[in-house]
Chemist: 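Below are the structure tokens for one structure; questions will follow.
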Amino acid sequence: MREDPRRLKPLEQCKAHAAHSIPMHRAQSLTQDGTTAHIDLDGQIYTLRITRAGKLILTK
């Protein structure tokens with residue numbers, strides 16, 4: 001079951017994230033509220049998938 005995105009804190013207000021300079025992205029944004037996204041790294045295509053259990057899987 002997915003969390004309602006309207007209940008998520010905006011990233012700029014998340015104190016835990018504000019202390020780090022690492023970019024943060026919501027998986028739902030990457031998948032455009034679906035379950036799969038392709039990620040290109042130097043011409044290699046990876047698949048990011050959100051499972052039914054809410055886990056992330058990244059495969060080449």
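In this chain, residues are counted from 1 in sequence order. In this text the structure is predicted, and so the values were computed from the model without any measurement.
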Chemist: Could you give the distance from CG (L30) to OG1 (T36), rounded to the nearest 0.5 Å?
Modeler: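 Interatomic distance, L30 CG to T36 OG1, rounded to 0.5 Å: 12.0 Å.
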Chemist: Which residues pass the side-chain contact (heavy atoms from CB on, under 4.5 Å) test with T59, sequence neighbours left out?
Modeler: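 Result, side-chain contact (heavy atoms from CB on, under 4.5 Å) vs T59: T47, I57.
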Chemist: Quick one: CD1 on I50 to CG on L56, what's the gap to the nearest 0.5 Å?
Modeler: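 Going from the CD1 atom of I50 to the CG atom of L56 covers 6.0 Å.
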Chemist: At what distance, to the nearest 0.5 angstrom, does NE2 of H25 lie from OG1 of T31?
Modeler: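 Here the rounded value is 13.5 Å.
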Chemist: Roughly how far apart are H38 NE2 and L48 CG, rounded to 0.5 Å?
Modeler: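 Nearest 0.5 Å value for the NE2-CG distance: 10.0 Å.
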